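Structure first, then comments.
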Amino acid sequence: MDPCEGVRLVLPARSGHRHRSRSPGRSRRHLPCERRDTSVRHDRRPHIRCRRTGVLHLVDHDAAPRRCDTYRHTSRRRPHRPRRSSRSRDRGCRNPDESSGAGMTPRVRFAPSPTGYLHVGAARTALYNYLFARNNGGAFILRSDDTDKARSTDEFQEDILEHLRWLGLEWDEGFEIGGTHGSYRQSDRYDRYREVAKDLVDRGRAYYSFATAEQLDAFKREAREAGTSPAYDGSLEPSDAEVSERLASGEKAVVRFRVPRPGATEFDDIVRGDMRFEHAQVDDFVILRSDGTPTYHLASTVDDVDYAITHVIRGEDLLSSTPKHILLTEAMGADRVTYAHLSLLMGPDGKKLSKRHGDTAMAAYRETGYLPEALNNYLALLGWNIGDDETIASLDEMIDRFDLSTVSKNPAVFDPKKLEWMNGVYIREMDEAEFVAATLPLVEESVGRTLSEEDRARYAMLVPLVKERAKLLPEVASQARFLFVDIDEYDEKSWSKVMAVEEGPVALDGAIAALEDLDPWTTETIDAALRAMIEERDLSARKGFQPIRVAVSGSMVSPPLFESLEILGRDETLARIRAARSALS
RNA sequence: GGCCCCGUCGUCUAGAGGCCUAGGACGCCGCCCUCUCAAGGCGGUAGCGUGGGUUCAAAUCCCAUCGGGGCUACCA
């Protein structure tokens, strides 16, 4: 089914409304692209006021001039952006209009490490990358950052792919489907990383390091005591001559990047604004391990450069590593990318969301009966708002309106209650065919057999009734189950509350009498007959109908009674009521 | 400890000095509808962390403070 068609209830077609409250001339944090023109820099020195921090932004510190305007096309500045049909499924694919200006489309990547299952936080990062790419007509690339051999597994890799597909976040290029840039799996590219590392060493930008963990610990401890920066600055390394000697004798060494000090790296993060990191606080970090494999910093940066990534949208946990990546990028002679660091997802206790908060794996949500549309919608809202006080929006609508620069900087607490509510909204919005396709297997599993043609027809009749009543898919099975199984036991609480009371037998006897010769057997005639019955026996609707409900469904919670009886059929209905009646005496 | 990020109802958020008596959504509570449970309708609860400033006016600007989080690996 088209994942975009699930929900269509809110957000009638309209456009331009997002501009409503923001005057077009209001300054934004990101400079117009004239700044690319270095010739005017000195006399123009455009600086604008950051709306978040009030800080002045100087053009000189801005990232990647060549790339500066790519994301700006998403902004409210665009005078009018016609809303595209929700059915255009390949909307993401190159809209020439949107890449005007720089003449290049944004390329973003989602680069999980297969060291764990796809969890909700990673899924949100993937989603934001996807929304950004589609909104800009750019490319969404999937890469596997599997440089941690010890912890990476094929099982995790498959889980990530599987659930990305399930969510409908189709990638244009990358892992499994390939693309124009070779392998998208880092473990295939070790030679390339070594080559870069060697080049860096040759050019003096990196060096072989023999410092041991113990030495480094001592260094940091002393720095702390002395009140100086604990960032390793290479001061423990032997002389050049000794390095050559030890290397020649076959001694293993790591390769560290030589961070230029003093100095600082500044960049303008799309979500967090101006950032500045003093190099004194940045370690001479390891880029190549002693076994010759690359670390994350190297592999990730090299790939971002090699694959012409323009925007890196990732979790805030990598924010303080960003200067390392920028330094590496520039040491490679490449233009830096634009960064956007997303706040982290938290558990109800305010700590970073993790396993100890319960299930965080996408697989678990899928199994629990969540719809991908609901997950996407909910995850998108964690840190971003659609606008106009709207809460429900399809993927297409979110693509239309997505704007990275309005993403919240606050960490967001994941609230399962709201997700559940939203899932109910999406379930109610499913059309019946979709709904049957999604729930029939669950019903069959619950019933313990494959449903016959006839059973399926009866299920179809029940569908409109149960579809309104479920927040999670499996609830449907427990509500529909009574149609297909014998009632050999009754819910204990239900029995004692409505059956084993004075009105129980009265209602059942009355129902038998009223229904025995009823013709025709329809919801309307059943309704009329049973209402006449309770009237006659002086029973309230509750007292009169609940015993019947328990008799036919086994529980005092079920789909609406008269409809259920019609679908069940007269014979089965009467048999069940009689069985319950005799169990009562 | 150091560096960095973040503080509006319980939660996600709107908010760009007067449109704020702070809006929406989830949750919770109540009422209506009602054969149960939902859904739906209506109403309610609840928030600008604190203290100073600037200003005729501050959720919004400044400073401090407190609180939460991240990083500080030959993990990513």
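Residue numbers begin at 1 in each chain, while the letters A, B, ... track the order of the sequences. Worth saying up front: this structure is predicted, and the values here are computed from it rather than measured.
Among the protein residues, A:R151 comes within range of the nucleic acid bases, having at least one heavy atom under 4.0 Å from a base atom. A:P411 comes within 4.0 angstrom of sugar-phosphate atoms only, judged by non-hydrogen atoms across all strands, and of no base. Within 4.0 Å (heavy atoms only), A:P112 reaches no atom of the nucleic acid at all. Residue-level contact check: A:S321 touches the bases, meaning some heavy atom is under 4.0 Å from a base atom. The residue A:L319 sits close only to the backbone: its heavy atoms come under 4.0 Å of sugar-phosphate atoms, none of a base. The residue A:L318 sits close to a base: some heavy atom pair falls under 4.0 Å. Using a 4.0 Å heavy-atom criterion, one finds that A:Q186 contacts no nucleic acid atom at all. Contact annotation for A:G315: no contact, since no heavy-atom pair falls under 4.0 Å across all strands. Looking at heavy-atom distances under 4.0 Å, A:M422 makes no contact with the nucleic acid at all. Counting any heavy atom pair closer than 4.0 Å across all strands shown, A:S290 reaches a base atom. The residue A:R549 sits close to a base: some heavy atom pair falls under 4.0 Å. A:S229 comes within 4.0 angstrom of nothing in the nucleic acid, heavy atoms only. Residue A:H341 is out of contact with every strand shown, counting any heavy-atom pair closer than 4.0 Å.
Distance from the side chain of A:K418 is smallest to B:C26 among B:C3, B:C6, B:C26. When distances run from any side-chain atom of A:R224 to the nucleotides B:C6, B:G23, B:G1, the shortest one goes to B:G1. Comparing atom distances between the A:V254 side chain and each of B:C71, B:C74, B:C37 picks out B:C74 as nearest. With B:A76, B:C35, B:G2 as the candidates, the nucleotide lying closest to the side chain of A:Q281 is B:G2. With distances taken from any side-chain atom of A:F277 to the nucleotides B:C4, B:G27, B:C35, the minimum falls on B:C4. Counting only heavy atoms from C-beta on, A:D415 has its side chain closest to B:C26 among B:C26, B:U13, B:A76. Which of B:C12, B:A76, B:A38 sits closest to the side chain of A:V413 comes down to B:C12. The listed nucleotides are B:C74, B:G24, B:G7; the one nearest the side chain of A:L216 is B:C74. For A:N385, the listed nucleotide lying nearest its side chain is B:A14; candidates were B:A73, B:A14, B:C74. Listed nucleotides: B:G1, B:C35, B:A38. Nearest to the side chain of A:P230: B:G1.
Cation-pi contact between A:R256 and A:Y208: absent, since separation from the ring centre below 6.0 Å together with deviation from the ring axis within 45° is not met.
Using the six-membered ring where Trp is involved, A:W495 and A:Y490 have ring planes that are tilted, between 30° and 60° apart.
Pairing for B:G7 goes to B:C66, judged as Watson-Crick or G-U wobble with the two contacts each under 3.5 Å. Searching all strands for a Watson-Crick or G-U wobble partner of B:C31 with both distances below 3.5 Å returns B:G41. Within the shown strands, nothing qualifies as a pairing partner of B:U54 under the Watson-Crick or G-U definition with both distances less than 3.5 Å. Here B:U36 sits opposite no nucleotide as a Watson-Crick or G-U wobble pair (both hydrogen-bonding atom distances under 3.5 Å).
Put simply, the side chain of A:L328 does not reach to within 4.5 Å of the side chain of A:V196, judged on heavy atoms. Proximity of A:D284 to A:Y207: side-chain heavy atoms (C-beta onward) are separated by under 4.5 Å at one or more points.
Taking atom C1' in both B:A46 and B:U11, the straight-line distance is 12 Å, to the nearest Å.
Between A:R542 and the phosphate of B:U36, there is a side-chain N or O to OP1/OP2 separation shorter than 4.0 Å. Phosphate contact (OP1/OP2 of B:A38, side-chain N/O of A:K467, threshold under 4.0 Å): absent. The shortest distance between the side-chain N/O atoms of A:T147 and the OP1/OP2 oxygens of B:A76 is below 4.0 Å.
Residue-to-nucleotide proximity on RNA chain B shows that, of A:T228 and A:Q546, the 5′-proximal contact is made by A:T228. Along RNA chain B, the nucleotide nearest A:K352 and the nucleotide nearest A:A253 are compared for position; the residue whose nucleotide lies closer to the 5' end is A:K352.
Side chain A:R272 to base B:C5: no donor-acceptor pair is found below 3.5 Å.
A donor-acceptor pair shorter than 3.5 Å can be found between the side chains of A:Q546 and A:R549. Between the side chains of A:H341 and A:T322, a donor-acceptor pair is found at a separation under 3.5 Å.
A straight line from CG of A:N410 to C1' of B:C48 spans 13 Å, rounded to a whole angstrom.
Aromatic rings of A:F402 and A:Y128 (six-membered ring for Trp) have centroids within the 6.0 Å cut-off, being under it.
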